[in-house]
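Note sheet for the following structure.
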Amino acid sequence: MDSGDTAWVLMSAALVLFMTPGLAFFYAGMVRSKNVLGMLMQNVFAMGLISVIWAIIGFSLAFGGTGSIVGNLDFAWLSGVTDLDGNIPGMAFVAFQMMFAVITPALITGATADRLKFSSYAILIGIWSIVVYAPVARWVFNENGWLFDMGALDFAGGAAIHINAGMAALAVVIVIGNRRGHGHEPMPPHNLPFTMLGTGILWFGWIGFNAGSALAADGVAAQAVVNTHLAAAAGMLGWLAVERIKTGHATTLGAASGAVTGLVAITPCAGFVGGAAPLIIGAIAGIGCFAALGIKAKMNWDDSLDVIAVHLVGGVIGTLLLGFFADASINGDTDGLLFGGGAELLKDQFVAAGAVAAFSFAVTFALAHAIRATVGLRVSPEDERIGLDQSQHAESAYSS
Amino acid sequence: MKLITGIIKPFKLDDVKDALKAIGVTGITVSEVRGFGRQGGHTETYRGAEYQIDFVPKVSLRVVIDDDRADQVVDTIATAAATGKIGDGKIWVTAVERVVRIRTGDEGTDAI
């Protein structure tokens, strides 16, 4: 047991926890004022519901036993958790991973903004965390997982978190349908200062998300801190440059969005790359994700707050670029294409991205259909018109 | 008595208030309003998507005044609120039948 490693992972758990309320404000600023509490609530509620589910069964399904597809029930109710990673207590790993489990389904709320019924949301993410998140976390983060075993790299969850949540968001958007008035009624963000506040919290917390994934207070963690910060910075600049050229202005929402795309893309790479790589990865993410904004309009998907463009596309960019930029002199024993490792890693990264995307989409699509057919996914037209704050929670954010 | 209603640019409110105080007007009522006129709106861009914002924020102010001072008040507002650019606003005058001061029960010009 190493007290330095343990302290850093415990600290990182707290940093990652803080990201979920950060995400809540990031999203809440972008919705209309009648839905701001609905958005905040969906995110914060994930901290309640998913933590409980994770303790009862989720952690065990992700990290128990030796299966390659899914774990077992050895660690159910968090009993019998051993010191999984040598230098840190098992409970430090439980705490850190719990915060990942919480934020991942919360990412989906950006796509379904303003219309997802609260009770159905609870059912959706509760089941999703068991049947989608836990197995995918197993595949990617556990040494017995088949993607991990195959050689695919995912330092902090480019595939397990961002591609996973992004594809789930797409599946739910297709099943739930567009917001009423989508496409002809303006729905501009109601409070961009909230979004900027959330961006700052996310950026801050992401240091723990990525560098904590080293599970040690060492050089890899330090490299991950630097990579994470630089990718966010380059992501912001990349997005703003394209935005300025295409629309004439550098916007605050663009700065916020660009930084987050850099953070998303560096997530799988954080502890495996060095040098100029985080700058290149971040800039490609900022530019690529901005370009991906047009997908939803073309497909008529009302991905309200761009979970697809930011998390799915950003996650894919980072996961695939790791196949080029992985550097064994930084960490691990696998070099990417640009460091003389050939195309082997890139192929594994393709398989990981594709497998997670396909699994997440298929299971989430079926789950969303099942919920729609039984208790319904959407609020009534009248409830959607008056907003989620009043219809779902009997509250108003802004008294008049 | 007349009710004078003005629609002005919000940043001109303090100038108008000071000018009205200077000529002895004892009270005005102000509200924040939105509207469209010849000034037109503007566009805002969020994540590359353009929104046309048609309604422009304005301030509406109301003054009730004796008949013989109405023209002076209108001219004072017009002078103080002017920038010379499109969107300076409008002023109109309507007749008022009855005015009551709630505290004292005073009526008519005594209530102003």
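For clarity, every value in this text was computed on a predicted model and none was experimentally measured. Side-chain atoms are counted along with the backbone in the values below, which use heavy atoms only and exclude waters and symmetry mates. Residue numbers start from 1 in every chain, and the chains themselves are labelled A, B, ... in the order their sequence lines are given, proteins ahead of strands.
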Does atom [atom1] of [X] have more than 12 heavy-atom neighbours, drawn from other residues, nucleotides or ligands, at distances under 6.0 Å?
X	atom1	answer
A/Arg180	CZ	yes
A/Glu185	CD	yes
B/Arg62	CZ	no

How many angstroms lie between atom [atom1] of [X] and atom [atom2] of [Y], to the nearest 0.5 angstrom?
X	Y	atom1	atom2	result
B/Glu44	A/Thr247	CD	OG1	12.5 Å
B/Tyr46	A/Thr252	OH	OG1	8.0 Å
B/Arg47	A/Met30	CZ	CE	4.0 Å

Between chain B and each of A/Ala309, A/Gly248, A/Pro189, count heavy-atom pairs under 4.5 Å; write down the option with the most.
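Between A/Ala309, A/Gly248, A/Pro189, the count favours A/Pro189.
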- Item | Top contributor to chain B interface from A/Gly294, A/Ala297, A/Pro188 [non-hydrogen pairs under 4.5 Å] |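 Of A/Gly294, A/Ala297, A/Pro188, A/Pro188 has the most heavy-atom pairs under 4.5 Å with chain B.
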Handout entry: Residue pairs passing the ring-ring contact (aromatic ring centres under 6.0 Å, His included) test where at least one lies in residues 232-255 of chain A, sequence neighbours excluded
Key =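 Of all non-adjacent pairs touching residues 232-255 of chain A, those that pass ring-ring contact (aromatic ring centres under 6.0 Å, His included) are A/Trp239-A/Phe290.
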Considering only heavy atoms, which portion of A/Thr251 lies under 4.5 Å from any heavy atom of chain B: side chain, backbone, both, or neither?
->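 Contact with chain B is through the side chain of A/Thr251 alone.
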Part of B/Tyr51 lying under 4.5 Å from any heavy atom of chain A
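Contact with chain A: side chain only.
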